[in-house]
Each structure stands twice: as structure tokens, then as C-alpha cells.
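Report on the structure given below.
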Amino acid sequence: MNSLPSRQVWLRILLFIAAVSATVYFLPRSSENHYTFEEGRPWSYALLTAPFDIPVHLDSVSSMKVRDSIDANFEPVFDRDLTTEKTIISDYTTRLNAATDLHITPEQRNQIIKEIKKVYENGIVDRDTYSRIAAGKLHSVRFIHDNVAISIPTANYLSARRAYEHLDSVLNNREVRQAISATKLSQMLQPNILVDSVTSRRLLDEAYQKALAPVGVIQQGERIIDKGDIVTTRLATVLRTYEELMTERGNGAISERYYPIAGQTLYMLILYGCLYAYLYIFRRKYFDDDHTITFIVSLIGLFTLFAFAMQATFINGSYITPYTVVPILVLIFLDSRTAYFCHLILVLVCAIVSSFALEFIFLQFIAGVIAIDSLKDLTRRGQLIRTAALIFLSYTLCYAAMEIMQAGSLERAQGRVFGCFAINAILISFSYVLMFLLERVFGFTSRVTLVELSDINNPLLRELSEECPGTFNHSLAVSNLASAAGSRIGANVQLVRTGALYHDIGKIKNPAFYTENQHGVNPHDALNPIQSARIVTGHVNEGLALAEKAKLPAVIRKFISEHHGAGKARYFYTTYCNAHPDEKVDPAMFSYPGPNPQSKETSLLMMADAVEAASRSMTNHSPEAISGLVNKIIDSQIADGLHNESPISFRDVSVIKEVFAQRLRTMYHSRISYPELKKTPQATSESQSVPETQSAPETQSVPESQSTPESRSTSQPQSTPEVQSTTDADKKPDSKSIPNDNPTSA
């Protein structure tokens, strides 16, 4: 960091602090003392001992059975409301006696009052209580008098509606029924047997406490559970009791032990410190680039917050969260080694909130490895779908392995977990959308974009093929030559291939000034060498202007600006020097704007561009001549210092020379000459005497197997399918012919 400007140093420090602070701040925390565990799974925390005596209660299943039994046999407490009973009977008697239009006798009046008193003596209850009685769920109730509980059967209890129906059936005289209806007895009947909910609740709780009394005690200092122990039903009950007691006492021992702010901060500092150390030591180019380090830290930090939110929102959020999106995106834009490291950091950061850290790390690590290994070179969307399917399969197998290892079988495996894995695999497809978004935000270029740009139907390449067919064929040949060598030295082959296609697009502005596009007329004949050099070297800036207008990525524009570096247009420079032997010539007038190649890929293009152009003017295509040409051109570039700023090695240069020579020998290998069929005098005379319509086909032409392009061209050099048109660059230039703009092609 000492070599970085102060502004860049502060940017990296702020990124580091922001990532650590945001992660610690949004880290999920429990406001209560709480452990996360499941019955039948290993205990994932350290040894837990009892800080005080802990009662051992029945497990949840047994407790539920006891409670159900108590509820089924419990007799609730009721009270008899004598005041309401007397008031209703008195009020109705007054109403019945006051009615003058009733056609009933005094005996019938007394009979009505007598039956009402009998109903109230039996008891009228509320509707809900009567429903329980009718369903057979309440056979008896209790009445408490002088602290003595008396159990009373409920068989004679009626609801107000049933009591009215009973009176209507008992008093079956027509006049009596009319009197009951006229006096609206149904509206006056009210329950006189009322539930005492307070006393009933108290007695029920006492029954619960008595039946659910502790069956044992774990004494202070005694071992409760240790890491790796299986959480049995009994232990689960003990742990819940422990948590309840800790909460009641207000003791924050669990929070202080497992989720302290200081420990979390130190944990994150170590992890992000490891990330910075890796980038600084092994990927210094990424560390020095503002966009790249911002991308890496932001991606890990923001995805961590997303994982926290998913885990807080969903029960199985850790299974749904697509953690492999991070290594996929890092792999697409950077490299596989960095993708592995970033994925490891992300998993370790998120493991701090996982209930089962070992299982989480195992699942996510294997899924990340599968994602990176199966997606080495993303060029099609179908590859992402295949990767998602493989990740789903890896999750499934790893989860099954953990279940069998811990529980001994798959009986406890949760079916919804596999559904979560499927959702996870679907969410991975969103990385394709994120890829284009990140390209716009950080200025990256993915392999998918490079593949799209290398399509020759791209408008800029189509214009190049129409306006400059010779340059277009030259670009295709250079692309093939450079990509072949790039695959051998570990360069980005797709980047080299695409950059080579666009490196000469600046020639679209003045196509006739370049030999590969000339047709007998050389406009340089009317110009002096300085003017010619200005036009030829200007195709670099013209190309950059076209690239900017077409919004080509920055990595492609580097191929345009660096494919000649700061070299000279040597033909015009030499011509001018020969014409002015006594003049001190300024090389800047004949130099390309540069800069020199800054990467392995642009160095490779510079070599391929010069070698391919120079090979077109060769007359001797023997292996020795080709190897000599390749060595001469590349060695002269190295001697001129054009590759001094590139990370390319001498070993890479040796491999490049070997590949170039091999490819050129294949392109320009000699062909055999097919012999002509010699005709005997007898055959000739016979063929002349035979009518034309009866001539034998085999004596008229060469057999089809020999009628090949090779039979018509036995000494011309073979060219690759991409370079079919023959230009002036293919011939040995005369004194008036200006060669290709490469400095060594003269």
C-alpha cells in the first residue's frame, strides 16, 4: 500500500472499515438467552455445565400426555347464582299474574311457576357449557362451600333454550302454551349455574404443577452436555429449562460467551484482513485497481447482509441463500483462485450465525467447489443451468451424508430442505442478470460479452469487412494465430481473440492507404514520408475514436492502442532517413502513440500482428525461413523494448515462437502436383473415331477424386480458411509498393 497514492490508500481503509462495521452491526442477535439445537443432532457448542441447580422435568411428549389426561378429567368449578334465580322467578310470576287476557285457571298459573322453579333447581347453564355436556366432555362439575368441594353430575343441566323447550313439552295444554308465549318466558330465562373461571384456572394449574413436578435435579457444576453429544429428548427438555431459568435470573452468560461485540469485531477483522493479505500478496493487480477491490469487498459485504436477512426471514434461510453466486461472479470477471478465496471468506463470515457451523461450512464449501470447477469458461447461458443442477445435486448428497453420519439414517431428514435446495439452484440463475449489472457499474468485461463482440455480424466488424476486406482477413488470421499461442501460455484466449478482431478498425477511415486493401493504386506515391507516417500511425487514434463511439469495453480499446506500442512506422522512417542523410530525424514524427503492451494478451497480439503481416511477403516458405522470420521479428521487438512493461516471460516468448512457426508452416506448406493422364496413340485415334455422344467419360476428364483445388494450384501457399482473398501484402513489394503498417513487414 505504500506505493499507492494517498487517495487509494484511504479508499481501501474505508472499504475495510465499512465492511467490518456493517457486518458486525447487522449480525443477527437474540435478545434472550437462547441456544439453537435440534433433537437427534449433535450439540454444536462447547461444554455446558449447570451454574446452579436445574430441575429435570418430563420431556415435552410426556408432559403433553399428562396435560391431556388432566384436561380430560378436570372438573371445573361452578357457582349457583341464587339471586338471579329468585329474581327471574319473581319477575315472571308478577308478569303472569298481571296479564288479564290469558285464558288459564289459577291452578294452571301455579303449575307454570312450579315447573319453572323445578327447572332452575336442576340448573340452567350457558350455551358453551351445555355443548360440552351434550358432547359427553363434562360429566360433572364442582361446587365449593366452606372450602369443601362437592362434585355434582351435569346430567340434569339445561341451557336456556333447552329449558324453554322442556317447559313447552311438559306444559302441553294449549291455553297454557299460549300464556307462556304471550308472557315471553323465553326472553326471561337466564343461566343460574355459572363457571368460576378464576378458581378453575387456579385448581388446574395446581394439578399441572403436581403432575409435572421435577423428576430429578442437575446439581450446580454438573455436566449438562458437551460438544458433539446427541441432543436427546431429555436433554432438550433440560436445555429449555436452563434457558428459561437464565432468562428469569437476567443472566447474560450465553450472550456474553457466544455473541460478544468485541469477539465478533475481531472475528471479522481477521477474515477481511486475510482477504486483503491475499490480494496484496498474490493478486497485486487486483489490489491496486480501485474498481476491482471495491467489487470484491462490496460483493462479499453486501451478500453477507443479504444472507443475514434471508436467515432472519425464513426458517431454512441458510439453505435458500445462493452463496455460490459470489464465486461464480468472481470467476467470470477475475479468476478461479480468487473465486475460491472469496467464497471461503464469505462462508466463514456467515458461519458465525449458523446453528450447525460444521454442516454449513461443509455444504457451502463443496457447492462452491462444484460451481467454480463446472463453470471454468462461461460463454453460454446453458452452462449456468448445468452448474445450477450440479450445485443442487451436491447440496443433496452432502446433506444426506451429514444426516447419515450424525443420525445413522435418513429418517430424520426434512423434506422441505430439498425444496430449499431447489429454490437455491433457481436463484443461481440470477447471477446472469447480476453479471450485466456489474459490468456497467465496475467496468468489467465478461467472457459472455467477449463472445458477443467476437461475432463477425457485429456492426463494427461488418463495416470493417465491407470497407477493408484485406484488413478484415488480416485481423481474422491474427486472431487465430494469437489465440493458438494464448492457449499455450495461459493467457485469456477469448480476450486475445476478440481484441485481435478489433485492433485495426481504425483503418476503416482510410482503407486505401494500407497495402492489404490496395488494388494497383498506391496513394502514398503522392505523399512525402512524414505525411504517410502520420496517416498510417493515425489509425490507432482513429480506432480508439470508433471504439469509444461503439462503446467497446476498455480491455478491447487497450488492444487498439497497444498493438504497435510506441514503435515506429519503420518503412517511412527508413525512407526519410535515406533521403535526408545529413539531417537529424525526430523519431516522434514516425512513432505510434502507444503505450507499449501492458499485459500478456496485448504483447501476444503485437507479436502475432507483425509476424502474420511479414509472412505475407515471404517467397521462401521453408520451415527454416519461417522460423527465422518469427525469431527475427519477435527478437527485434524485445530488443526495441516494446515488451518491457508487459508481464510476459521469456518462457512465454519461447512457446509463442514455437506456436507461430508451427502455425505458419501449416498455412504455407507445399502441395503435391497431381500427374496428368497420358493417352496412347491408339487410344487417341479411337477417341477421335468415336462419335462425341459416345465418348467414354473416363478419357475426357480427370477423375472426380483428383479434381480438387490442389490440382489447379500446385505451388501456391495454402492459407487459412479465414484468409481467402489475396492482397498486395501477399506479394513481394516493389519500390513503389508500401507494405503493411507493421514496422517489420518491410
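Please read these numbers as outputs of a predicted model, since none were measured by experiment.
If you run ring-ring contact (aromatic ring centres under 6.0 Å, His included) between Phe360 and each of Tyr395, Tyr399, Phe365, Tyr323, only Tyr323 comes through.
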Practice task
Mind running side chain to side chain contact (heavy atoms under 4.5 Å, CB included) on Ile152 and Tyr157 for me, showing each step along the way?
Solution key: CA-CA 10 Å; Ile152 303 296; Tyr157 288 164; 3.7 Å; yes
Practice task
Please step through side chain to side chain contact (heavy atoms under 4.5 Å, CB included) for the pair Phe341 and Val330, ending with a clear verdict.
Solution key: CA-CA 10 Å; Phe341 201 88; Val330 176; over 6 Å; no
Exercise for the section: Given salt bridge (Lys or Arg N to Asp or Glu O under 4.0 Å), test Asp205 with Arg201 step by step and report yes or no. Expected result: CA-CA 6 Å; Asp205 289 341; Arg201 182 74 259 175; 3.0 Å; yes
Practice task
Before giving the answer on side chain to side chain contact (heavy atoms under 4.5 Å, CB included), spell out for Gln264 and Ile261 the whole-Å C-alpha distance, their side-chain angles and the decisive distance to 0.1 Å.
Solution key: CA-CA 5 Å; Gln264 294 167 358; Ile261 299 299; 3.7 Å; yes
Problem - Working for side chain to side chain contact (heavy atoms under 4.5 Å, CB included), residues Leu437 and Val433 - result: CA-CA 7 Å; Leu437 177 62; Val433 179; 5.8 Å; no
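Ser169 places a side-chain N or O within 3.5 Å of a backbone atom of His166 that can act as its donor or acceptor partner. Remark: side-chain polar atoms of Gln209 are not paired, donor with acceptor, to backbone N or O of Glu206 under 3.5 angstrom. The main-chain N or O of Gly123 is never found under 3.5 Å from a side-chain atom of Asn192 such that the two would form a donor-acceptor pair. Between the side chain of Thr183 and the backbone N or O of Ala179, at least one donor-acceptor pair lies under 3.5 Å. Ser298 places a side-chain N or O within 3.5 Å of a backbone atom of Thr294 that can act as its donor or acceptor partner. Side-chain atoms of Thr232 come within 3.5 Å of backbone atoms of Leu235 as a donor-acceptor pair (strictly under, hydrogens ignored). Without hydrogens or angle criteria, Thr199 side chain to Asp196 main chain gives no donor-acceptor distance under 3.5 Å. Between the side chain of Asn424 and the main chain of Tyr319, a donor-acceptor pair closer than 3.5 Å is present.
Atom OG1 in Thr93 sits 11.0 Å away from atom CZ in Arg95 (nearest 0.5 Å). The structure places OG of Ser431 at 4.5 Å from CD1 of Ile328, a figure rounded to the nearest 0.5 Å.
Annotation: side chain of Val119 is not in contact with side chain of Tyr164 (no heavy-atom distance under 4.5 Å). Side chains of His343 and Val326 form no contact here, defined as non-hydrogen atoms less than 4.5 Å apart. Proximity of Thr321 to Phe303: side-chain heavy atoms (C-beta onward) are separated by under 4.5 Å at one or more points. Here the side chains of Met402 and Met405 are in contact, with some heavy-atom distance below 4.5 Å. Between Ile372 and Pro327, some side-chain heavy-atom pair lies under the 4.5 Å cut-off. With contacts defined as side-chain heavy-atom distances shorter than 4.5 Å, the pair Ile124/Ser159 does not qualify. Side-chain contact check for Thr49 versus Glu222: every heavy-atom pair is 4.5 Å or farther apart. With a 4.5 Å cut-off on side-chain heavy atoms, Val141 and Leu138 count as touching.
At a cut-off of 3.5 Å, with distance as the only test, a side-chain donor of Thr387 or Ser374 sits close to an acceptor on the other residue. Between Thr129 and Asp126, the side chains place a donor N or O and an acceptor N or O closer than 3.5 Å (distance only, hydrogens not considered). In the model, Asn97 has no side-chain atom that pairs as donor or acceptor with a side-chain atom of Tyr92 under 3.5 Å.
A 6.0 Å sphere centred on CZ of Phe430 holds no more than 12 heavy atoms belonging to other residues, nucleotides or ligands. Within 6.0 Å of CZ on Arg127 lie no more than 12 heavy atoms contributed by other residues, nucleotides or ligands. Heavy-atom neighbours of Arg162 CZ from other residues, nucleotides or ligands within 6.0 Å: at or below the threshold of 12.
Of all heavy-atom pairs between Ile361 and Ala351, the closest is CG1-CB, 4.0 Å. Of all heavy-atom pairs spanning Ile428 and Val325, the tightest one is CA-CG2, 4.1 Å. In this structure, Cys350 and Phe308 approach most closely via the heavy-atom pair CA-CE2, 4.4 Å. The minimum heavy-atom distance linking Ser354 with Gln311 is given by the pair CA-NE2, 4.0 Å. Contact detail for Leu27 and Val353: the closest heavy-atom pair is CD1-CG1, 3.4 Å. Here the shortest heavy-atom pairing between Asn122 and Asn156 reads CB-O, 3.7 Å.
The residues Glu165 and Arg161 are annotated as salt-bridged, a charged nitrogen and a carboxylate oxygen being separated by less than 4.0 angstrom.
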Using distance only, find each side-chain donor-acceptor pair of residues 69-80 under 3.5 Å and give its atom names and separation, not counting sequence neighbours.
{"residue": "Asp71", "atom": "OD1", "partner": "Tyr208", "partner atom": "OH", "Å": "2.4"}
{"residue": "Asp71", "atom": "OD2", "partner": "Tyr208", "partner atom": "OH", "Å": "3.3"}
{"residue": "Asn73", "atom": "ND2", "partner": "Ser69", "partner atom": "O", "Å": "3.1"}
{"residue": "Glu75", "atom": "OE1", "partner": "Ser151", "partner atom": "OG", "Å": "3.3"}
{"residue": "Glu75", "atom": "OE2", "partner": "Ser140", "partner atom": "OG", "Å": "2.4"}
{"residue": "Glu75", "atom": "OE2", "partner": "Ser151", "partner atom": "OG", "Å": "3.1"}
{"residue": "Arg80", "atom": "NE", "partner": "Glu85", "partner atom": "OE1", "Å": "3.4"}
{"residue": "Arg80", "atom": "NH1", "partner": "Glu121", "partner atom": "O", "Å": "3.4"}
{"residue": "Arg80", "atom": "NH2", "partner": "Tyr120", "partner atom": "O", "Å": "2.5"}
{"residue": "Arg80", "atom": "NH2", "partner": "Glu121", "partner atom": "O", "Å": "3.0"}

